[in-house]
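The chains referred to below are lettered A, B, ... by the order of the sequence lines, with proteins before strands, and numbering in each begins at 1.
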Amino acid sequence: MAQKNLIIVESPAKAKTLSKFLGPGYSVKSTFGHIRDLPKKGLGVDKEHGFKPTYEIGIDKQKVVNELKKTARGAVVWLASDGDREGEAIAWHVSQALKLRPQVTKRIVFHEITKPALSAAMDHPRAVDMDLVNAQQARRILDRLVGYELSPMLWKKIQPGLSAGRVQSVAVRLIVEREREIQGFKTKGQFKITADFMAGGHKLPAELKEKLPALKVAEEFLNKANGSTFRVNGIQTKAGKRNPSAPFTTSTLQQEAARQLRFSVKQTMTLAQRLYENGHITYMRTDSTNLSELAISEAERYILKNYGARYSDPKRYKTSVRSAQEAHEAIRPTGFARTVAGADEQQRKLYQLIWRRALASQMSPANLQNTELTIAMSDFQIPFIAKGEILNFDGYLKVWGGAKDDVVLPPIKSGQKLKLLAMTALETFTKPLARYSEATLVKKLEELGIGRPSTYAPTINTVQSRGYVEKKDLEGSLRQVQSITNKSGKISMHTQELLVGADRGKLVPTPLAEMTTDFLMKHFTDIVDYDFTARAESDLDKIADGHLTWQQMIKKFYAGLEPLLARSAKVSRAETVPLRELGTDPATKKPIFARYGRFGPFLQRGEAKPKKDQDTLNKPVFAPMPPSTTLDNVTLEQALPMFKLPRGVGQTEIGEPISADIGRFGPFLKINSEFISIKGRDPMIINETQAREIIKEHRDKKAKQTIRDFGDIRVLKGRYGPYVTNGVKNARVPTGQEPANLSLEQCRELLKNAAGSRKRPRRRSKA
DNA sequence: CAGTGAGCGAGCTTCCGCTTGACTT
């Protein structure tokens with residue numbers, strides 16, 4: 001009987017491609033990523049015994065592992081996961097979990113999913129590289145120690161459920177620090193001077209080389225210009241060149257898709273995944289700008305055929321990102337001849353972008369001719385500059401786009417005198433650095449070498465779902481802008497209003513992020529340091545080279561961490577969370593504070609710690625935050641009414657008292673033990689008539705979605721079809737079963753068999 | 001789902017990186 005062979009890779013799409021190259025006797029299976037990991041609950045690292053890790057096969061991976069075990073029986077197993085740290089670890093975990101015998105286990109690595117690359121790799125199998133595996137283990141254990149030792153500290157000192165980690169805490173820090181820079185930025189008004197000259201029957205626009213500092217200076221300048229002469233005293237022509245960018249990596253794809261298509265990072269990755277699964281593009285989680293030889297020659301053929309030899313410039317790009325592990329190619333179409341691909345409009349747009357970028361990367365630079373005219377003004381040091389730009393050859397811009405219209409300067413000689421037609425001084429404002437967007441944050445993290453292509457999108461999601469960061473559209477504000485014009489010698493002043501600071505999809509930190517960042521900066525400075533990951537990586541490289549053991553690295557790291565944990569455990573909550581006095585309550589003469597408690601921000605009237613002898617009347621009174629205010633911006637006027645909550649609104653038609661209050665989930669009405677959300681309305685002003693209407697509407701709606709009511713157990717209509725609920729667990733009504741005919745017994749049975757409701761991340765009230 | 005707020009108590013939360021469907025009310 002012929003020898004059985006099993007090839008194991010990470011991804012089913014890769015498995016499918018490989019299986020096409022192979023004859024009978026070979027089966028290709030995928031692990032779907034890592035198959036073993038540290039336990040989700042508990043540290044899983046034995047600090048007393050050399051940081052020995054415990055690995056588990058996750059519940060969702062049991063099936064995969066069983067299937068692999070079955071297929072591996074009696075077969076030669078080829079471990080063909082990626083050649084990087086994580087890929088080597090996957091190969092090792094597979095060999096451990098499957099208890100593979102070394103004699104029949106071969107480790108192979110290839111960088112292109114082609115038949116020749118696979119054959120070449122299979123001709124040179126090796127054993128699993130334990131040094132590389134150990135570097136991965138060190139990385140994994142380090143991240144676990146940081147995440148699982150720091151997070152509980154935040155639960156105690158700030159709020160339960162918070163998280164800290166090597167990657168996410170730096171992401172949050174970047175956003176907090178950028179916001180503080182912006183808040184602290186002092187904008188400066190300056191005046192930009194532009195002029196229109198006349199040169200031999202042609203209009204020539206120019207700009208003063210430097211901005212002027214104040215309105216008065218600008219006004220004086222325009223007056224002076226009236227009596228001045230202007231003369232060309234220099235013409236400089238330079239050849240310019242614009243080069244195409246390297247083909248996409250995950251990070252640059254996310255940035256460009258955000259810029260050109262306004263896709264979120266997550267959206268881009270989901271669409272790319274579909275294109276990849278359907279064989280249209282190469283793997284989308286990569287940090288490499290490398291193209292295979294095959295792709296380079298195919299692009300060359302396509303360019304020669306469709307654009308001609310002048311446009312062809314085959315080249316290889318070096319990856320500049322320092323953390324790159326280059327297990328994959330750059331992101332490119334699998335065939336350049338396929339100019340359109342994708343199942344829907346968004347996929348097609350993303351494919352187009354990838355196709356253009358990859359093809360353009362193999363095309364010639366664009367050639368430009370830049371001309372700069374210097375225009376001197378009599379009795380003034382700073383010259384005017386006029387710029388011209390002509391595109392002599394479009395090169396890669398033909399495919400990539402972005403060619404600007406030519407700016408042609410009129411024929412002019414040096415020394416030529418120019419006539420001034422008009423001059424304008426327009427006030428401009430210095431701007432702080434822009435807030436991060438999802439895509440620019442990814443770019444920054446990649447520059448710092450923090451995070452991997454597969455984690456950018458999840459990290460962006462984590463910092464938002466933990467309540468650290470909000471993605472916001474900023475409305476901007478109106479600003480008075482002054483300008484002065486000099487038209488045919490007549491000077492006039494104008495004021496106009498301009499909208500400044502409006503922006504879309506920017507990442508803004510919450511007060512929670514500020515508290516957490518301040519806490520981590522104070523007590524765990526090294527860990528949130530921008531270079532922490534880079535330093536760790538250099539140790540991991542030493543482990544991979546066999547010059548350092550993973551135990552040595554982790555031992556040293558933890559010896560540094562332990563005293564920080566001990567010290568920070570001693571600080572009190574009061575030291576870590578802010579307290580802001582808003583003013584004095586005119587009625588009681590007691591101070592009003594905005595504070596941050598375990599469940600979010602709240603208001604307090606009176607001192608937290610009344611003096612010993614004082615009676616209980618002096619205990620502080622608590623109240624919820626006014627809607628859409630934060631700890632930083634809530635005012636005394638907004639705060640005072642909140643102490644009147646809950647407020648009696650009136651009665652229902654049958655005499656049940658109705659009250660209005662604000663809880664963790666926003667404003668609500670309460671009738672006995674029934675709660676009805678009134679999100680978007682003000683509990684302070686809602687009246688009885690309105691309340692009755694809302695209650696009726698709510699009760700009607702509830703009755704409508706109820707199919708059967710057994711008291712505790714009900715059959716309801718939901719978004720995903722009919723389901724049974726007991727308030728804790730939900731169970732789908734099986735298709736074919738008429739929901740209205742369900743008996744109580746059947747409902748109980750369905751609920752019993754239903755999987756426990758998946759835990760959803762706890763929603764946090766906004767800070 | 002609709003309490004509270006310091007700190008204590010039980011028991012819960014949490015990391016990063018590899019990969020897709022399963023799942024949601």
Classify A/T462 by what it touches in the nucleic acid, base, sugar-phosphate, or nothing, heavy-atom distance under 4.0 Å.
sugar-phosphate
Taking atom types as they are modelled, would you say the side chain of A/R452 forms a donor-acceptor pair with the base of B/dC16 within the 3.5 Å cutoff?
no
Over all strands shown, is A/A164 touching base, sugar-phosphate only, or nothing at heavy-atom distances under 4.0 angstrom?
sugar-phosphate
Between B/dG3, B/dC16, B/dT19, which one does the side chain of A/E10 approach most closely?
B/dT19
Just to be sure I understand the rule, does A/P12 reach a base, reach only the sugar-phosphate, or reach nothing, if contact means heavy atoms closer than 4.0 Å?
sugar-phosphate
Where the side chain of A/K41 is defined as all heavy atoms beyond and including C-beta, which of B/dC18, B/dA2, B/dT13 is the nearest nucleotide?
B/dT13
By nearest atom, which of the nucleotides B/dT19, B/dT14, B/dA6 is closest to the A/S151 side chain?
B/dT14
Given 3.5 Å as the limit, does a donor-acceptor pair link the side chain of A/Y468 with the main chain of A/S163, or not?
yes
Ring-plane angle category for A/Y55 and A/W92, please: parallel below 30°, perpendicular beyond 60°, tilted otherwise.
perpendicular
Is the distance from OP1 or OP2 of B/dC15 to the nearest side-chain N or O of A/Q168 less than 4.0 Å?
yes
Heavy atoms from C-beta onward define the side chain here; which of B/dT19, B/dG7, B/dT20 lies closest to that of A/S454?
B/dT19
Contact class for A/R139 vs. all strands (heavy atom < 4.0 Å): base, sugar-phosphate, or nothing?
base
If you check every side-chain atom of A/Y283, which of B/dC15, B/dG21, B/dT19 has the closest atom?
B/dT19
If you look at every strand shown and take non-hydrogen atoms under 4.0 Å, does A/E149 touch a base, only sugar-phosphate, or nothing?
nothing
Between A/R107 and A/E88, does at least one N-O distance fall below 4.0 Å, as a salt bridge requires?
yes
